[in-house]
Every structure is written in structure tokens, then in C-alpha cells.
S.K.: 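The structure's right below; bear with me while I get my questions together.
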Amino acid sequence: MSQHILTAVAWPYANGPRHIGHVSGFGVPSDMFSRYQRMVGNKVLMVSGTDEHGTPIQVQADKEGVSARELADRYNRVIVEDLQALGLSYDLFTRTTTDNHYAVVQEIFKGLYDNGYIFPKTTMGAISPSTARTLPDRYIEGTCPICHYDSARGDQCDNCGNQLDPIQLINPVSKINGETPIFVETEHFMLDLPAFAEVLGSWLQSKQGEWRPNVLKFALNLLGDLQPRAMSRDLDWGVPIPLEGWSDQPNKRLYVWFDAVIGYLSASIEWARRSGDPDAWRQWWQSPDARGYYFMGKDNIVFHAEIWPALLLGYNGQGSRDGKPGALGTLSLPSEVVSSEFLTMEGRKFSSSRQVVIYVRDFLARYDADALRYYIAVAGPESQDTDFTWSEFLNRNNGELVAAWGNLVNRSISMAAKNFGVIPEAGELTDADRAMLERSRAAFAKAGAEFEASRFKNATNEAFEVIREANRYLAEQEPWKIKDNPERVKSILHVALQVVDDAKTLLTPVLPSSSNKIYAMLGGTGVWSGMPEIQEVTEENGRSYPIITGSYEGAARWESTPIRPGTPLAPPTPLFTKLDPKIVEEELARLAG
RNA sequence: GGGGCGGUAGCUCAGCCGGUUAGAGCAGGGGACUCAUAAUCCCUGGGUCGCGGGUUCGAGUCCCGCCCGCCCUACCA
């Protein structure tokens with residue numbers, strides 16, 4: 001039975017290029033999941049985009065002397081190009097600065113407001129006297145009033161760990177320009193999170209045994225101490241507040257996180273409009289059979305397991321104040337929140353400023369996308385922090401991708417091409433032949449269950465066990481030694497090629513572009529697993545921007561497909577590039593400086 | 001300070017509800033083979049499962065304490 005699956009992928013923040021840690025946390029895992037789901041016949045809608053509002057972008061833009069929009073435009077394009085180059089199969093990758101996004105965000109805000117879940121509150125905020133801009137707590141530093149540590153942040157003291165209000169700091173200064181902030185009264189809209197405590201609690205309880213325990217535990221733990229949370233900021237770079245007396249205020253905008261999570265919905269709506277059926281998004285958001293999977297790094301759990309569900313519940317009128325659904329109708333909560341851990345770089349945290357980083361762009365300039373995808377699949381931060389090292393990358397690439405998998409493809413096809421020029425027909429099968437074929441067929445159920453559960457390491461390893469078994473099979477059968485028995489050689493190579501074909505299917509979610517190549521090598525026609533493309537689109541207001549989209553209706557199915565004897569075979573060219581061990585030192589030198 | 005996660009062979013990691021001699025891949029050592037990007041295959045050495053207690057007939061596997069690393073702590077996405 002075909003199901004509708006929403007793959008909601010965390011939105012990369014557009015204040016700079018993204019590094020391989022980012023894509024290992026959400027991009028590649030969500031793509032492997034989506035490709036697998038499409039192969040089993042489900043209707044996947046995979047959406048994301050760049051997150052472009054908020055203070056960090058404004059601060060970065062000020063530093064560079066450009067407008068926030070110019071900065072966002074620049075990095076939106078860089079990120080779009082990088083994610084496309086990685087082969088991430090978004091149905092739509094858009095951005096948060098579109099008219100559509102603004103409209104959807106404002107609709108959600110109004111729905112929450114009308115249902116009584118958002119209320120105004122006056123608080124004290126810090127502003128910079130020279131720019132008149134609000135300073136977020138993070139950007140204020142001073143002496144801790146409790147332990148007298150001299151570089152406590154406005155929100156918390158790193159030394160004693162106490163949470164602070166920036167107004168308590170002794171000698172507060174702006175981290176941006178060193179001036180002393182002034183504190184003024186300011187009015188903001190608060191989301192009434194406590195009104196959702198009960199319904200969130202029972203919703204989370206119902207996910208017991210279904211979600212990863214770390215995500216669930218974390219979310220349940222937060223329930224105990226829910227406080228109203230500000231959903232607006234004193235800033236001009238953001239979505240205006242859609243209420244009379246507020247919408248025209250140049251310095252009141254919705255909090256960036258409020259608008260960012262709504263992107264999943266707005267992007268779905270934008271995708272539907274572009275597809276020609278403006279209501280098509282409802283099949284993923286309003287059908288009780290549809291499932292929504294959200295992929296992100298662990299730092300985002302609170303927004304996806306707590307705040308986003310609360311926003312949806314409030315919009316639906318399902319919190320303790322009740323209410324009724326807004327104009328879009330009742331919206332579905334996440335089915336699953338899949339959070340990954342963090343990748344570190346040669347034992348250290350990624351840090352752009354300290355050059356402990358490798359950007360996706362730089363990586364792809366020197367290495368193949370599938371090489372990175374493979375590393376992430378098999379050694380990524382799936383259930384715990386993992387360390388990226390260049391020597392591990394070299395080993396994985398040369399020892400596994402090239403030596404085990406690439407070589408199996410190469411030796412099988414090249415023997416068959418050289419001896420017969422076509423895919424040979426099998427004669428009578430031996431026990432060993434049948435065992436080999438059975439082993440590879442059995443892998444579909446096993447690896448499939450692993451992909452379904454987002455356990456990409458296990459899924460990939462299952463495929464590699466088939467590959468190792470196939471190399472062993474060839475070593476034992478020794479077709480090169482029985483040239484006098486061509487019928488037996490045909491059978492052996494037929495079996496080997498069938499297993500190669502199966503393994504390329506098993507690895508399609510992980511290695512789409514090399515699987516496409518193998519598909520073509522074995523005589524496949526048309527598209528096997530679709531690849532994303534960049535399209536330039538123009539808004540009604542005349543602004544144009546790049547999106548990632550694509551048609552992913554390929555031939556790829558999650559099953560063993562019989563190869564067709566007689567199909568012409570050309571001598572193969574290597575699939576993967578073997579790397580010179582010298583790259584390890586070269587890359588380490590780049591890191592250092 | 002509070003919460004979460006992790007600490008298993010040289011390296012990267014598997015080890016659901018506790019159950020026979022603790023596993024894989026890579027690296028190391030020895031051998032075989034030559035179809036293949038000197039790839040592949042076979043054999044092999046190697047572990048006080050962070051530390052200390054406890055529960056149990058029996059504990060990497062459960063409980064308590066401690067040490068170390070990482071993440072979050074809600075105005076960093």
C-alpha cells in the first residue's frame with residue numbers, strides 16, 4: 001500500500017556556507033531515507049530551504065557592510081548549489097524570504113492568536129545606543145553577579161552555569177562593538193507553552209517505543225518546566241507581525257525560529273502550487289495515513305519535539321484553551337523526530353573561525369559526492385558523536401568503496417564483457433550459485449528494515465556483506481581457471497552480475513549516482529534513481545531565486561530485478577576514484593591554516 | 001548547577017528486554033590467487049568491556065557512586 005511520507009529536513013541557516021558536519025546531521029540521512037521510501041513505492045514529499053532571518057544574519061551582514069537580504073541571497077545560492085551537488089533529492093528546497101512563506105507564517109500566527117495561545121507581554125530588552133538595534137542576550141557580555149566571572153554571557157554564565165538576565169550583569173558590554181547597552185521596555189508576543197503541557201505530554205507518551213529514546217526522553221523532560229516563550233523580536237529582518245498596530249512597525253518581527261519551523265508547511269504549499277495542484281500538500285499534512293519524518297541535529301530537538309508541535313496544536317485549537325482550526329484546516333503533528341548527533345573534525349569541534357572545518361563545496365571540489373555520502377552513511381553521527389578524520393575517509397574510500405564494491409563491479413563486468421560481450425545466460429545452478437543468489441535477495445528485507453528505521457549504518461553494512469560474499473564467491477568459483485568449460489563460466493558470471501545488480505539496488509539510497517552508472521552499464525535505459533536539479537524561479541514581486549527540485553520517478557524499486565541475458569556489455573570504467581594517501585597530509589595542512 | 005548521550009580489541013564501531021568460550025570492518029603478521037583501480041580470497045595475534053561497589057545461579061548488558069568526553073540549558077538555526 002502506497003503511503004504519503006513527508007520528509008521534513010532541517011533548514012540550513014544562511015549566514016555562511018555549510019560544512020560536512022551540517023550535511024551529515026540532516027541532509028544526507030534524510031535523502032537516504034527518502035530515496036528508500038520512494039523505492040518501496042511510497043509518495044515522498046521532501047522539503048527544506050534556507051533559513052534566512054534573525055539576528056546572526058543581520059550581525060554578519062553589518063560586519064560585511066551589506067544588507068541582510070544581500071547576505072542571505074549570497075549564501076542561499078551557495079547552499080543550494082552544494083546540496084544539489086550532493087544529490088539530495090528535495091522535491092522542493094526553497095527559502096524563508098518568499099512571499100508564500102511570509103503569508104503562511106502570518107496565517108499560523110493569526111490562528112494561534114485567534115485561539116488565544118499568543119499574548120503580548122512587556123519585558124526589558126537591551127539595545128545598542130549607536131545603532132538603536134536590540135541586542136540579544138547572547139551578544140552581551142559582562143561580569144557574573146553570582147561568581148564574578150568576567151566574561152559571562154547575557155543569558156548564562158559559562159563559569160558557574162547560572163542562568164542570567166542580561167540586566168543583572170555587572171558592566172555589560174556589547175560583543176558586537178564593545179559599547180554599553182541600554183535597557184528599555186519592549187513589548188513582545190509570547191507563546192503560551194504551558195497551555196500545551198498536557199496534550200504534548202500525552203502525544204509524546206504515545207510515541208513511546210517508536211521514537212529514539214534520547215529524543216523522547218529529552219522532550220518529556222522539557223515538559224516539566226514549560227514557560228511562555230517570546231515569539232517576536234526587536235529587529236527589522238524578519239516576518240512582520242500580522243496584527244493592526246504591529247505590522248507596520250519597522251522594528252517588530254516574528255522570532256526567527258517561529259518562522260523557520262513553519263517552513264516545512266510553507267514549502268509544502270509552495271511545492272503544491274508549483275506542481276499545478278495547489279491543494280496537493282494536504283495529502284501529506286491532513287491525511288491520517290500520512291507520516292511526517294523530521295530530520296535534524298540534536299541541537300534542534302526542542303524546536304521539533306516541543307515548539308513546533310505546540311504551534312500546530314495551537315493552530316488546530318487543541319491546547320488547553322481549545323479553539324478552532326485556522327483557514328488551512330487541521331494540520332498533522334510529526335510522526336517521528338529523527339535527530340542525529342554531532343560530527344567532529346579530527347577530534348575538535350567544527351569551527352569556521354578557527355579553520356577547523358571543511359565546507360561541502362571544498363570537499364566536492366576534490367572528492368566525489370558518493371564518497372562523502374558513503375562516509376556519512378557508514379561512519380556518520382547516527383546515534384552518537386563521531387569524528388571525521390581524513391585518514392578514516394581515505395581508508396573507507398580506498399578499502400571499501402574502491403577495493404570491495406568498485407572492484408566487484410569492475411571484475412564481474414569486465415570478465416563478462418571480455419569473454420562474451422553480453423550478459424551471459426545461466427546454465428544449471430550449483431548449490432553455491434543458489435546460496436549466493438539467495439544471500440543477496442535476502443538482504444532486501446534486512447536492509448529495508450534498517451532504512452525504514454533510519455539505521456543507515458546497519459543498512460549499508462548489510463549491502464557490504466553481500467558484496468564481500470560475492471568477492472568470496474568469485475574467489476572460490478575461479479571462473480578464470482575453467483576456460484575449457486564456457487558454460488560453467490557463463491553461469492558463474494551470470495550469478496555475479498545478478499548480485500552486482502542487486503547490490504547496486506541495495507546501495508541506491510546511499511550512492512545514487514554510482515548506482516545510476518551501474519544501471520546503465522548493465523543495459524538499463526532511462527532514469528534509475530532521479531537526481532536533483534536547480535531551477536531559477538521568479539516571484540510575483542519580480543525577485544528571482546534558485547530552488548532545488550526534481551523528478552524522482554525513476555525505475556528504481558526495492559527488489560531484486562532479474563538481469564537480462566544477451567544485453568551487450570562494454571568493458572567498464574572505474575566507478576570510484578582511488579585516493580592517494582598523500583591527501584591526508586595535504587588536508588591536515590589545510591586545516592592547520 | 002540541572003538534563004541528555006557516550007566511554008567495548010591499535011583505529012572506527014556492533015552488541016534488543018541480563019545467560020554458554022565478547023563480535024565486525026580496517027590496520028598488523030603469514031599464505032593463496034591473478035578476472036579486477038597491486039584489487040580479491042584464506043589463516044592468524046590482540047580486549048581487566050572507564051573505575052568502585054551492589055542485585056543475581058549468572059552482568060558490557062540492571063541499580064548506586066565516581067572519573068573522563070560531548071551536547072542541551074529555552075534571545076545561536
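All values reported here derive from a predicted model rather than from experimental measurement. Letters A, B, ... are given to chains in the order of the sequence lines, protein chains preceding strands, and every chain is numbered from 1.
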S.K.: Which of the following nucleotides, A39(B), U34(B), U40(B), is nearest to the side chain of Ala475(A)?
M.R.: U40(B)
S.K.: Could you let me know what U37(B) is paired to, Watson-Crick or G-U wobble, both distances under 3.5 Å, or none if it's on its own?
M.R.: none
S.K.: Applying a 4.0 Å non-hydrogen cut-off, can you work out what Tyr255(A) is touching in the nucleic acid: base, sugar-phosphate, or nothing?
M.R.: sugar-phosphate
S.K.: With heavy atoms under 4.0 Å as the rule, sort Val402(A) into base, sugar-phosphate or nothing.
M.R.: base
S.K.: Look at the side-chain N and O atoms of Arg455(A) and state whether any lies under 4.0 Å from the OP1 or OP2 oxygen of A14(B).
M.R.: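 Looking at the OP1 and OP2 atoms of A14(B), neither is under 4.0 Å from any side-chain N or O of Arg455(A).
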S.K.: Applying a 4.0 Å non-hydrogen cut-off, can you work out what Pro479(A) is touching in the nucleic acid: base, sugar-phosphate, or nothing?
M.R.: nothing
S.K.: Around atom NZ of Lys457(A), are there more than 12 heavy atoms from other residues, nucleotides or ligands closer than 6.0 Å?
M.R.: yes
S.K.: Could you please name the option among U12(B), U40(B), A39(B) that lies closest to any side-chain atom of Arg411(A)?
M.R.: U40(B)
S.K.: Which label fits G29(B), syn or anti, where anti is any glycosidic angle not within 90° of 0?
M.R.: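 It is anti.
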S.K.: Could you check which nucleotide pairs with C70(B) in any of the strands shown, counting Watson-Crick or G-U wobble with both distances under 3.5 Å?
M.R.: G4(B)
S.K.: When both hydrogen-bonding distances must be under 3.5 Å and the geometry is Watson-Crick or G-U wobble, what is A59(B) paired with, if anything?
M.R.: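 Answer to the pairing question: none, since A59(B) forms no Watson-Crick or G-U pair.
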S.K.: Give the rounded distance in Å between these two atoms: CH2 of Trp390(A) and P of U12(B).
M.R.: 18 Å
S.K.: Taking the six-membered ring for Trp, are Tyr117(A) and Phe196(A) ring centroids under 6.0 Å apart?
M.R.: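 Ring-ring flag for Tyr117(A)/Phe196(A): true, centres closer than 6.0 Å.
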S.K.: Do you know the tightest heavy-atom contact between Asn15(A) and Pro56(A)?
M.R.: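 Heavy atoms of Asn15(A) and Pro56(A) come nearest at ND2-CB, 4.4 Å.
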S.K.: Please tell me if Lys457(A) has a side-chain N or O lying less than 4.0 Å from either OP1 or OP2 of U12(B).
M.R.: no
S.K.: Does C75(B) have OP1 or OP2 sitting under 4.0 Å from an N or O in the side chain of Arg233(A)?
M.R.: yes
S.K.: Run the side-chain hydrogen bond (donor to acceptor under 3.5 Å, both in side chains) test on Thr96(A) and His101(A) for me, step by step, so that the C-alpha distance in whole Å, both residues' side-chain angles and the decisive distance to 0.1 Å come before the verdict.
M.R.: CA-CA 6 Å; Thr96(A) 56; His101(A) 181 70; 5.0 Å; no
S.K.: Using atom P in both nucleotides, what's the gap between G50(B) and U61(B) to the nearest angstrom?
M.R.: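 Approximately 8 Å lies between the P atom of G50(B) and that of U61(B).
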S.K.: Could you go through the ring-ring contact (aromatic ring centres under 6.0 Å, His included) check for Phe464(A) and Tyr374(A) one step at a time?
M.R.: CA-CA 11 Å; Phe464(A) 267 76; Tyr374(A) 178 71; 5.2 Å; yes
S.K.: How many Å lie between NZ on Lys349(A) and P on G69(B), as a whole number?
M.R.: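 Between P of G69(B) and NZ of Lys349(A): 14 Å.
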S.K.: Which part of the nucleic acid, if any, lies within contact of Thr344(A), taking any heavy atom under 4.0 Å across all strands shown: a base, the sugar-phosphate backbone alone, or nothing?
M.R.: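 Contact class for Thr344(A): none.
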S.K.: Given atom NE2 of His304(A) and atom P of C72(B), what is their separation to the nearest angstrom?
M.R.: 15 Å
S.K.: What's Ala403(A) touching, base or sugar-phosphate or nothing? Going by heavy atoms closer than 4.0 Å.
M.R.: sugar-phosphate
S.K.: So if I take every side-chain heavy atom of Arg472(A) and compare against G25(B), C42(B), A36(B), which nucleotide ends up nearest?
M.R.: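 From the listed options, C42(B) comes nearest.
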S.K.: If G23(B) has a Watson-Crick or G-U wobble mate with both distances under 3.5 Å, name it; if not, just say none.
M.R.: C13(B)
S.K.: Mind checking if Leu575(A) touches a base, just sugar-phosphate, or nothing, with heavy atoms under 4.0 Å?
M.R.: base
S.K.: Round to a whole Å and report the spacing from CD1 of Ile518(A) to C1' of U37(B).
M.R.: 14 Å
S.K.: Need one value for Glu400(A): base, sugar-phosphate or nothing, where a base atom within 4.0 Å counts as base even if backbone is also close, heavy atoms only.
M.R.: sugar-phosphate
S.K.: Checking all strands, does His188(A) fall into the base, sugar-phosphate, or nothing category for heavy-atom contacts under 4.0 angstrom?
M.R.: nothing
S.K.: Of the nucleotides U34(B), U40(B), U37(B), which has the atom closest to the Trp480(A) side chain?
M.R.: U34(B)
S.K.: Please check if any side-chain donor atom of Asn458(A) sits under 3.5 Å from a side-chain acceptor atom of Glu462(A), or the reverse.
M.R.: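 Distance-only check fails for Asn458(A) and Glu462(A).
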S.K.: Under 4.0 Å from OP1 or OP2 of C26(B): is there any side-chain N or O of Arg396(A) that close?
M.R.: no
S.K.: When you check the side-chain N and O atoms of Tyr75(A) and Gln60(A), is any donor under 3.5 Å from an acceptor?
M.R.: no
S.K.: Looking at U37(B), C11(B), C33(B), which one has an atom nearest to any side-chain atom of Phe576(A)?
M.R.: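 Taking heavy atoms from C-beta onward, the closest nucleotide is U37(B).
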S.K.: What's the closest nucleotide to the side chain of Lys298(A) if the choices are C71(B), U40(B), C13(B)?
M.R.: C71(B)
S.K.: Go ahead and name the base partner of U48(B); Watson-Crick or wobble counts if both distances stay under 3.5 Å, otherwise write none.
M.R.: none
